[in-house]
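Have a look at the structure that comes next, please.
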Amino acid sequence: MPTSTRPVETKVKAATVMATVLAVIVTVLNAVSADSTLLGELPGWLQSVIILVTVPLSTFYAGWKARHTPKPTQAVPPADGAV
């Protein structure tokens, strides 16, 4: 399996950090909650939808908002094959 030495884009780092932070928050809330209702009086099905959608949307937003990491420039060979 080839390994890459290219840097990881800022967008990927931001999305990974956001997903990790949200996963920790949900895990902690689940652990300290005395009952299964994390979001108070909301119906169970709505709580599930909110928790399920929050992580992917936040991860997408973090990746979209983060700055792009420019790729290093490489010499492009001529189209006709001449060197």
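Values below: every heavy atom of this structure, side chains too, minus hydrogens, waters and symmetry copies.
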> Which pair of non-hydrogen atoms, one from T59 and one from A19, has the smallest distance, and what is that distance?
Replying inline: OG1-CB, 3.5 Å
>> Looking at every non-hydrogen atom in both residues, tell me the closest pair between M18 and S58 and how far apart they are.
In response: CG-O, 3.5 Å
> Relative to each other, are the rings of W64 and F60 parallel, tilted or perpendicular (30° and 60° limits)?
Replying inline: parallel
>> Ignoring hydrogens, what is the shortest heavy-atom contact between T54 and L22? Give both atom names and the distance.
In response: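 Smallest heavy-atom distance, with atoms named: O-CD1, 4.0 Å.
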> What residues form a side-chain contact (heavy atoms from CB on, under 4.5 Å) with K13, not counting sequence neighbours?
Replying inline: V8
